[in-house]
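Everything on this sheet refers to the single structure shown next.
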Amino acid sequence: MLDRDLIRNHPELVRAGIARKGLDAPVDEFLRVDQERRQVQTELQEKQAEMNRISKSIGMLMGQGKKDEAEAAKAQTKDLKDFITVGEARQRDLENQMREIELQFPNLPHDSIPNGKDEHDNVVVKLWGEVPQFDVQPQAHWDVAERLKLLDPPRAAKISGSGFALYTGQGARLQRALFTFMIDHQTMKNGYYEIYPPYLVNSASLIGTGNLPKFEEDLYKVDDDLYLIPTAEVPVTNLYRDEILSGDQLTLKLAGYTGCFRREAGAAGKDTRGVLRIHQFDKVEMVKFTKPEDSYDELESLVKDAESILQTLGLHYRIIELCSGDIGAKGAKCYDVELWSPGVGRYLEISSCTNFEAYQSRRANIRFRRAQGDKPEFVHILNGSGLACPRLFAAILESFQQPDGSVLLPEALRPYVGADRISA
RNA sequence: GGAGAGGUCGCAUAGUGGUCUAGUGCGCCGCACUCGAAAUGCGGUGUGGGGCAACUCACCGAGGGUUCGAAUCCCUCCCUCUCCGCCA
């Protein structure tokens with residue numbers, strides 16, 4: 001959601017920002033309904049004020065035993081009452097329309113982000129580490145996994161269907177080691193407060209983060225009003241829905257490990273081998289609540305926190321800044337961390353660090369007060385993966401495969417796996 | 001799943017159709033007293049919207065309804081607590 005005053009007073013600015021993203025928003029409809037809503041409200045309030053005066057006087061007259069006068073006053077209220085009944089219904093209807101319209105607005109892009117049409121216009125802003133060199137063509141992770149019996153795709157398909165991963169033996173162990181290592185790292189080294197939230201959330205939470213109403217087809221719905229979370233971002237961001245935080249609590253840094261569930265509705269047939277795109281995966285997610293003036297510094301440090309995992313593991317990666325056409329509806333500015341996957345032969349998105357500014361906090365009504373007595377303001381919300389497990393799993397198998405067929409584990413993972421290497 | 005109790009302005013409570021546009025205590029802020037503090041006294045202390053000034057409207061878990069008038073009565077839903085059943 002955007003600031004109503006901004007759309008009202010600077011519609012051309014809003015239009016321009018949304019056009020830069022290559023998206024649409026019902027600006028005209030907003031202006032029309034908003035105009036009518038305010039007019040209806042003003043008229044309604046005058047009548048309500050009059051009705052309140054009369055009702056109060058009836059109460060007073062009754063108290064004084066002046067029944068006839070009270071009855072006379074009652075008779076005056078008929079027309080007012082009719083007007084108010086109609087006006088209230090109209091007002092409710094218009095406010096609901098406003099809400100629906102507002103929820104359709106994308107966020108505006110930050111001025112600093114590059115213009116562009118799609119992912120080809122994204123900008124690489126950083127490369128870290130060396131592309132690992134191999135004497136022979138490195139195997140893709142699905143081949144490494146098959147050889148070392150780390151995954152069992154046929155049985156995954158049997159018990160659940162296509163698009164699911166079944167980790168076995170040391171593969172299961174490595175997977176568990178990864179998320180334990182990462183949540184430890186983000187909480188103990190980078191100072192995030194650990195959250196372990198529910199995996200099922202209601203629609204209000206999904207509206208708060210911006211997953212509903214527009215992206216329902218990406219979600220698994222399990223009950224009338226319960227959905228499996230597509231990321232821990234949803235429950236963790238909504239921790240403070242409809243709350244007012246105190247300024248001295250900010251910046252608030254939370255991190256949670258959860259399973260994530262995505263229908264990948266629009267991606268059928270893409271990345272069908274291995275674990276690059278699956279319906280259920282594990283992820284550590286970081287969420288920050290900041291004062292508006294701090295959010296862009298916090299975005300930079302959020303990316304560093306995501307990177308620190310890869311640096312600790314010694315994996316080559318790059319960071320790209322998303323252009324206006326690729327950032328999507330919700331974000332104002334976004335960096336993707338892409339991990340080099342030598343077997344697959346391309347960079348894989350493993351973290352997306354986004355500043356939503358006040359877009360989510362308006363939807364979820366999350367505010368803060370600078371000092372006692374100050375007006376509540378909307379917080380800025382940011383989040384980023386820290387990191388996603390399957391692609392990290394894939395890159396480790398591919399990057400650290402050895403001539404003898406084993407996978408030599410990075411130092412930091414060894415205590416978690418309980419071994420130096422994975423071998424047949 | 002069954003039965004019962006309950007959700008009031010930060011906290012605790014009062015309030016069962018008409019000076020309740022919600023009282024009181026605590027907390028918090030300001031002022032007074034004080035060298036300073038405590039204690040005391042006085043005043044203030046929610047959110048959102050319209051006008052953007054005076055003012056006004058809405059909000060007592062949420063949404064409907066009855067009424068001239070609802071925190072209070074009716075209906076639906078949500079949540080919390082207690083007990084029973086089932087169960088990792």
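Convention: sequence-line order gives letters A, B, ...; per-chain numbering from 1. Just so it is clear, the values below take in all heavy atoms, side chains as well, and ignore hydrogens, waters and symmetry mates.
Following rounding to the nearest Å, A:Glu46 (CD) and B:G51 (P) show an atom-to-atom distance of 12 Å. Atom CD1 of A:Ile84 and atom P of B:U67 are 14 Å apart (whole Å). Protein atom CG of A:Leu44 is 14 Å distant from nucleotide atom P of B:G51, rounded to whole Å. Remark: P of B:C57 and CZ of A:Phe83 are 15 Å apart, rounded to the nearest angstrom. Straight-line distance from the CZ atom of A:Arg241 to the C1' atom of B:C79: 13 Å, rounded to whole Å. Remark: P of B:C68 and CG of A:Asp79 are 13 Å apart, rounded to the nearest angstrom. A:Gln41 has its CD atom 14 Å from the P atom of B:C52, to the nearest Å. What separates CE of A:Met51 from C1' of B:A70 is a distance of 14 Å, to the nearest Å.
Here B:C28 sits opposite B:G44 as a Watson-Crick or G-U wobble pair (both hydrogen-bonding atom distances under 3.5 Å). Across the strands present, B:A39 finds no partner; the criterion is a Watson-Crick or G-U wobble pair with both atom distances under 3.5 angstrom. Base pairing of B:C86: no nucleotide in any strand meets the Watson-Crick or G-U wobble criterion (both distances under 3.5 Å). B:G4 and B:C81 make up a base pair, with Watson-Crick or G-U wobble contacts both under 3.5 Å. Both distances falling under 3.5 Å, in either a Watson-Crick or a G-U wobble arrangement, place B:U76 opposite B:A62. The partner of B:U67 is absent, by the rule that a Watson-Crick or G-U pair needs both atom distances under 3.5 Å. For B:U13, the paired nucleotide is B:G23, the pair qualifying as Watson-Crick or G-U wobble because both relevant distances are below 3.5 Å.
Of the two residues contacting RNA chain B, namely A:Gly59 and A:Ile244, the nearest-nucleotide position lying further toward the 5' end is that of A:Gly59.
Under the 4.0 Å criterion applied to side-chain N and carboxylate O atoms, A:Arg38 and A:Asp34 are assigned as salt-bridge partners. Under a 4.0 Å N-O distance rule, the pair A:Glu217/A:Arg263 does not qualify as a salt bridge. At a threshold of 4.0 Å, the pair A:Glu95-A:Arg4 counts as salt-bridged, since one of the basic side-chain nitrogens sits closer than that to a carboxylate oxygen.
A distance of about 13 Å separates the C1' atoms of B:G69 and B:U21, rounded to the whole Å. A distance of about 33 Å separates the C1' atoms of B:G10 and B:G65, rounded to the whole Å. Comparing the same atom, P, in B:A71 and in B:U16 gives a spacing of 13 Å after rounding to whole Å. B:G63 and B:C31 are spaced 40 Å apart, taking the P atom of each and rounding to whole Å. A gap of 12 Å separates the P atoms of B:U24 and B:U45, to the nearest Å. The same atom, P, is picked in B:G61 and in B:U8; the two are 6 Å apart, to the nearest Å. Taking atom P on both B:U76 and B:C81, the two are 23 Å apart, rounded to the nearest angstrom. Comparing the C1' positions of B:C60 and B:C20 gives an interatomic distance of 11 Å, to the nearest angstrom.
For the OP1/OP2 pair of B:G49 and a distance below 4.0 Å, the side-chain nitrogens and oxygens of A:Arg38 include no atom meeting the criterion. For the OP1/OP2 pair of B:C68 and a distance below 4.0 Å, the side-chain nitrogens and oxygens of A:Arg53 include no atom meeting the criterion. OP1 or OP2 of B:U45 has not a single side-chain nitrogen or oxygen of A:Arg369 nearer than 4.0 Å. OP1 or OP2 of B:G69 sits under 4.0 Å from a side-chain N or O of A:Lys81. Here A:Arg8 reaches the OP1 or OP2 of B:G50: one of its side-chain N or O atoms lies under 4.0 Å away. The side chain of A:Asn52 places no N or O atom within less than 4.0 Å of a non-bridging phosphate oxygen (OP1 or OP2) of B:G69.
Relative to the side chain of A:Thr42, the nucleotides B:G50, B:G18, B:U47 differ in distance, and B:G50 lies closest. Taking the side chain of A:Lys375 as heavy atoms from C-beta on, and the options B:G69, B:G48, B:U21, the nearest nucleotide is B:G48. Each of B:C68, B:G64, B:U47 was ranked by its minimum atom distance to the side chain of A:Arg92; first place goes to B:G64. Out of B:U47, B:C57, B:C68, the shortest distance to the side chain of A:Pro376 is found at B:U47. Residue A:Arg37 places its side chain closer to B:G49 than to any other of B:U56, B:U47, B:G49. Distance from the side chain of A:Thr77 is smallest to B:C68 among B:C68, B:U21, B:G46.
For A:Ser112 against A:Lys333, the heavy-atom pair with the smallest separation is OG-NZ, 2.8 Å.
Note on ring orientation: taking the six-membered ring where Trp is involved, the planes of A:Tyr240 and A:Phe289 are perpendicular (angle over 60°, cut-offs 30° and 60°).
Residues A:Tyr220 and A:Tyr227 place their aromatic rings such that the two centres sit no closer than 6.0 Å. Here the two rings, on A:His110 and A:Tyr296, have centers that are under 6.0 Å apart.
A:Val407 pairs in a side chain to side chain contact (heavy atoms under 4.5 Å, CB included) with only one of the listed residues (A:Leu150, A:Leu148, A:Leu174), which is A:Leu148.
Residue contacts shown for A:Gln48 are limited to sugar-phosphate atoms, with no base heavy atom under 4.0 Å away. Within 4.0 Å (heavy atoms only), A:Lys78 reaches no atom of the nucleic acid at all. At the heavy-atom level, A:Ile54 lies nowhere under 4.0 Å from the strands shown.
For a distance-only test at 3.5 Å, the side chain of A:Gln45 qualifies as a donor-acceptor partner of the base of B:G49.
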